[in-house]
Amino acid sequence: MQARLKKIGDNTNIKEMKPVSGGDINQAFYVRTETREYFVKKNQDVPADFFQKEAEGLEHIRRTNTIRVPKVYSYDNVSFGEEKYLIMEWIEGEKSKATGHLLGEQLAQLHLTETSPQYGMHGSTFVGEITQPNDFYDDWLTYYREKRLQPQLEIGINKGTITMERREHFEKLLQRIDQYIPKYPRVSLLHGDLWGGNWITGHNGLPYLIDPSIVYGDHAFEIAFTELFGGFPSDFYKSYQHFYPLPDYYDEIKPLYQLFYLLLHLNLFGESYGASVDHILRRYT
Ligand code: ADP
C-alpha cells in the first residue's frame, strides 16, 4: 500500500489502515497517511477493467461539475485472478438539513446539463458485478428493449429463473412495450445504479455519488430505481421535481423501468424477487 501511495505522489507514512464494511463486492479499507485519508477497494475476482469502468464513470460525472463524486487517484487494470486496487478520496460527514435537497438539485443538474446525441454508452459497463452490454442507439425504446430487458431475459432463461409462464408474459410485453417506453425522451447522463447505498454524505452535509454505471438515457429510469428500494429522503424528490420535473406518464411507466433492476436481482439473488417481477409482467400484458 505504501508503494502504491508513493506512486500517486504521497510519500508520507501510513498511520492507520482498517477495513470498511458495507460493500457487497469488494474488500474496502480506510487508509490514513501523515497527509491524507483514502478509501481503497481491493478485488481479484473481477474482470480486468472492473475498476477502470468505475473510475471512468466517476470521472465522467465529476467533469460535469454538477454533483460531487470522490476523486480517483489510481486504479489497476490487470487480469481476472490478479489483485486490483482502486484508490480514491475518503469522504466522511454528517447529513445536514440541506443534504436531501442538494442531492435532488444536483442530480437534476447532472441530468439536465450532460447530454449526448444518442442513447446508451460505448462498450460494456458493470451494474454491481453484472456485465451490462452497451452500445449507442438512435432511440431509447430500442436501447431499453435490446440492451436492458432482452439480455436479462436471456440470462434468466439460461439460469432457470425465467419460467415458461414468465417467458410468455415477457415476450408479450416486449412486443407491446412501445406503447409505454418513450422513443425520444430528452437524453441525460444517468448514474445508472442509483439505489440508496450509492450516495454518501461528505463534509458540510454535501452529497456524493459513488459506484456509477453511467449511461445516456431517460431520467425517469434513474428516478424509478431510487424509488425501488428506498433510501432517498422526501426532500430529494421535492427538489428534483422542482429543477427537472418528471413527465406526466412517469407513474404509468415507473414499474417498467423498475423491471430491469428487479430482473437483475431475480437473476442474481433468485426467487425472492420473482413475485415483484410477475406482478409487473401481469400488469402490462
Ligand atoms: P462495493 O463496490 O464493494 O459495493 P462500496 O463502494 O459500496 O463497495 O463501498 C463500501 C462502503 O464504503 C459503503 O458503506 C460506502 O458507504 C463506503 N464508501 C464508499 N466510497 C467511499 C468513500 N470514497 N469514502 C468513504 N466511504 C466510502
Side-chain angles (χ1 to χ4, degrees), residues 1 4-5 8 10 14-33 35-63 67-78 80 82-96 99-100 102-103 106-107 110 124-132 190-215 222 225-226 228-233 236 261 264-265 267-269:
M1 186 50 60
R4 284 173 185 277
L5 295 180
I8 59 171
D10 187 346
I14 293 177
K15 286 296 190 190
E16 192 182 352
M17 189 164 163
K18 58 182 183 193
V20 174
S21 61
D24 23 62
I25 301 170
N26 309 290
Q27 278 181 278
F29 302 91
Y30 165 81
V31 179
R32 179 170 60 84
T33 65
T35 52
R36 260 201 222 131
E37 293 175 299
Y38 300 93
F39 178 71
V40 177
K41 288 199 211 187
K42 179 181 147 186
N43 204 327
Q44 54 184 38
D45 301 323
V46 285
D49 60 351
F50 187 76
F51 285 144
Q52 180 182 342
K53 295 287 175 171
E54 182 171 341
E56 286 172 356
L58 288 168
E59 181 58 17
H60 195 134
I61 296 174
R62 199 184 61 75
R63 280 200 308 264
I67 185 158
R68 288 169 185 79
V69 292
K71 180 176 163 50
V72 174
Y73 294 113
S74 75
Y75 61 82
D76 297 312
N77 179 337
V78 290
F80 193 92
E82 284 185 63
E83 218 155 58
K84 292 174 264 298
Y85 285 82
L86 175 63
I87 304 179
M88 64 175 100
E89 180 188 4
W90 175 258
I91 305 297
E92 190 174 338
E94 294 293 318
K95 287 192 181 74
S96 75
T99 304
L102 284 172
L103 180 63
Q106 294 175 355
L107 184 71
L110 172 72
S124 58
T125 53
F126 298 95
V127 181
E129 250 179 311
I130 303 297
T131 298
Q132 171 58 53
L190 311 180
H191 172 284
D193 191 13
L194 195 53
W195 66 287
N198 279 348
W199 72 276
I200 56 177
T201 310
H203 63 105
N204 295 331
L206 294 170
Y208 283 71
L209 300 185
I210 58 171
D211 287 353
S213 174
I214 55 169
V215 60
E222 184 110 291
F225 188 36
T226 68
L228 185 58
F229 302 130
F232 292 81
F236 161 77
Y261 293 101
L264 194 100
H265 282 77
N267 288 334
L268 258 183
F269 305 115

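Small disclaimer: the values here were computed from a predicted structure and weren't measured. Whatever order the structure lists them in is the order used to number ligands and atoms, beginning at 1.
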Name the orientation class of the two ring planes belonging to Phe39 and Trp90 (parallel below 30°, tilted from 30 to 60°, perpendicular beyond 60°).
tilted
Looking only at protein heavy atoms, which one is nearest to [atom], and how far off is it?
atom                    : value
atom 25 (C) of ligand 1 : Ile91 O, 3.1 Å
atom 8 (O) of ligand 1  : Gly23 CA, 3.5 Å
atom 5 (P) of ligand 1  : Asp211 OD2, 3.5 Å
atom 2 (O) of ligand 1  : Lys41 NZ, 2.7 Å
atom 16 (O) of ligand 1 : Ile200 CG2, 3.4 Å
atom 15 (C) of ligand 1 : Ile210 CD1, 4.1 Å

Is there a donor-acceptor pair under 3.5 Å between the side chain of Asp193 and the backbone N or O of Val127?
no
For [X], take its heavy atoms, then give the atoms of ligand 1 lying under 4.0 Å from any of them.
X     : value
Ile25 : 3 (O)
Ser21 : 11 (C), 14 (O)
Val20 : 12 (O)
Asn26 : 1 (P), 2 (O), 3 (O)
Pro70 : 23 (N)

[Y] and [X], any side-chain heavy atoms less than 4.5 Å apart:
X      : Y      : value
Leu209 : Leu107 : yes
Ile210 : Trp199 : no
Lys41  : Phe50  : no
Phe126 : Thr131 : yes

Can you tell me how far CG of Asn26 sits from CD of Glu54, rounded to the nearest 0.5 angstrom?
7.0 Å
Does Glu92 come within less than 4.0 Å of ligand 1, judged by its heavy atoms?
no
Check contact between Gly128 and ligand 1, using heavy atoms of the residue and a distance below 4.0 angstrom.
no
Selection from Trp90, Tyr38, Tyr30, Phe39 by shortest heavy-atom distance to atom 21 (C) of ligand 1:
Phe39
Check for me whether the distance between the ring centres of Phe225 and His191 falls short of 6.0 Å.
no
Test your reading of the structure: does Glu54 have an N or O sitting under 3.5 Å from an N or O of ligand 1?
no
From Leu103, Ile91, Ile67, residue fulfilling side chain to side chain contact (heavy atoms under 4.5 Å, CB included) relative to Tyr208:
Ile91
Ligand 1 contact on Glu89 by region, counting heavy-atom pairs under 4.0 Å:
backbone
For residues Asp10 and Tyr38, is any side-chain donor paired with an opposing acceptor at under 3.5 Å?
yes
